[in-house]
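For reference, the structure discussed in these notes is given below.
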Amino acid sequence: MKSRNKLKIVNDPIYGFITIPNTVIFDLIEHPYFQRLRRISQMGMSYLVYPGAHHTRFHHALGAMFLMRKAVQVLRFKGIEISEEEEEAIYIAILLHDIGHGPFSHAMENSIVESVNHEQISLLFMEELNRKFNNRLTLAITIFKDKYNRKFLHQLISSQLDMDRLDYLKRDSFYTGVSEGAVNSERLITMLNVHKDKLVVEEKGIYSVEKFIIARRLMYWQVYLHKTGIVAEQLLLRLLKRAKELTDNGVKLPASTALSFFLNHAITKETFTKDVLDTFSKLDDYDIVSAMKSWVSSEDFVLKTLAQMLLDRDLLKIKMKKKPVTSEKLKKKLKLVMQKHNLTEEEANYFVFTGSIQNQAYRMDKDTINLLTKNGKIKDVAKASDQVNLKALSEKVIKYYLCYPKSNN
């Protein structure tokens, strides 16, 4: 058999050419589990707000690995020892950190897979790949779980200033066209250092960190928590919930083999076996879109209407409030929908509902971003910053919303 050239180069619109570090990482990227990420959108339903937001988890994983390589170069240059095994392990861990995402990134977690989040599924994928790769991923998994004795390596993968965030902010701002989110990831990485086994930023990088925190806040309000995106995401969750409810009641719905499996079985963390994982690995955005296209012909009013709303982008109206919505207001809206479409209260709840969103750009209670001063002292960036608003950005802001059909104003 002819051997393949495994040291490939990938052209990325954000960073230019990304080289694959070694043959193991190439083989991981080639694996069907990872290739599936090409069919999982990075930003869920955000393309209904920002038409350019069609990039995938595959793009993001490669980008985060590219930044991790930069971080390793910078830290080694500053005298931090990172062995070849540790280097490969953190590349693998960052590459696979999002491998457990389901269709549209978050839709599955709260609708048809019960109480299993994408981090837990990512770990299951990593453990399965470890078996297939003769335990080559053992160190990567240990670091990913924060069980390794060098804490800063985990911080590079998961912290308030990690390679994951540095990539998705820059990438999502590029694809949405929201320039406020464009962070200077190169400069931030150049300012990284390690002090007493903790990841720190050199003091002169303070303005880059401030900009990063502010960019994150703006991206949350403008993009991730955009009210139209929230409605679309909620409708998608409700669509899957309704499909599961109908299936539980004996209705046979057209769906792909993988989607049918999850509609017909109650899957929890305990029942997430290797076979379930293999079925999950066959699920992507296309299963959901093709199901929606079939479900618009359903006899069930709720399922049919939710599918139509998402396909035609004819969504519910959403009102944002600073205080929780009163039960009187909710009941009034529910009654209108029940009367107009002759629905039960349970059915009307699919179209009239409340919820809340929260934005906390920076947390001062744990895993803070620390600055290393010239005399070797460590300071939390929010306390060191002369920007009064950094402390304000660590406050949790909560907004409440009410969704209901447009014709029910």
Measuring only between side-chain heavy atoms, which start at C-beta, is [X] closer than 4.5 Å to [Y]?
X    : Y    : value
L330 : T354 : yes
I92  : L96  : yes
I318 : Y404 : no
V72  : Y91  : yes
I82  : L75  : yes
F152 : H195 : no
T56  : I40  : no
L303 : L253 : yes

Of all pairs that satisfy salt bridge (charged side-chain N to carboxylate O under 4.0 Å, His left out), the ones with a partner from [range], not counting sequence neighbours:
range            : answer
residues 304-314 : D314-K406
residues 147-157 : E86-R150, D146-K151
residues 47-58   : R57-D98
residues 243-268 : R242-E245

Among K170, H59, M43, H54, which one satisfies side-chain contact (heavy atoms from CB on, under 4.5 Å) with Y175?
-> H59
Can [X] and [Y] be counted as having a side-chain donor-acceptor contact under 3.5 angstrom?
X    : Y    : value
D380 : Y362 : yes
N193 : E202 : yes
T268 : T271 : yes
H60  : D164 : yes
N370 : T368 : yes
S185 : D167 : no
T19  : R69  : yes
R187 : S208 : yes

Ring geometry between F133 and H31 (parallel below 30°, tilted from 30 to 60°, perpendicular above 60°) = tilted
Listed partners of [X] passing ring pair (Phe, Tyr, Trp, His ring centres under 6.0 Å), at least two apart:
X    : result
F174 : none
Y400 : none
H118 : H101, H106

Listed pairs under 3.5 Å, donor-acceptor, residues 211-225 side chains, sequence neighbours left out:
residue: K211; atom: NZ; partner: A182; partner atom: O; Å: 2.7
residue: R216; atom: NH1; partner: A361; partner atom: O; Å: 3.0
residue: Y224; atom: OH; partner: D172; partner atom: OD2; Å: 2.7

Passes side chain to side chain contact (heavy atoms under 4.5 Å, CB included), L277 versus I121? Steps please.
-> CA-CA 8 Å; L277 188 72; I121 301 172; 4.2 Å; yes
Note: [X]-[Y] ion pair, threshold 4.0 Å (strictly below):
X    : Y    : value
E87  : R76  : yes
R171 : D12  : yes
E328 : K331 : no

Results of salt bridge (Lys or Arg N to Asp or Glu O under 4.0 Å) for [X] - residues two or more places apart only:
X    : answer
R136 : E88
D278 : K274
D27  : K6
E186 : none

Would you indicate whether N149, at its atom CG, is surrounded by more than 12 heavy atoms from other residues, nucleotides or ligands within a distance under 6.0 Å?
-> yes
Whether over 12 other heavy atoms sit under 6.0 Å from F301 CZ |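 Count over threshold, so yes.
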Can you check side chain to side chain contact (heavy atoms under 4.5 Å, CB included) on F353 and L316, steps first, answer last?
-> CA-CA 10 Å; F353 50 87; L316 297 171; 3.6 Å; yes
Could you tell me the separation between the OG atom of S46 and the NE2 atom of H55, rounded to the nearest 0.5 Å?
-> 8.5 Å
Do you know which two heavy atoms are closest between [X] and [Y], and how far apart they sit?
X    : Y    : value
L192 : V74  : O-CG1, 4.0 Å
F34  : A61  : CZ-CB, 3.7 Å
W295 : A255 : CZ2-CB, 4.5 Å
A89  : A140 : O-CB, 3.3 Å
L137 : M126 : CD2-O, 3.8 Å
T176 : Y50  : O-CD2, 3.5 Å

N/O donor-acceptor pair under 3.5 Å between Q120 side chain and N117 backbone | yes
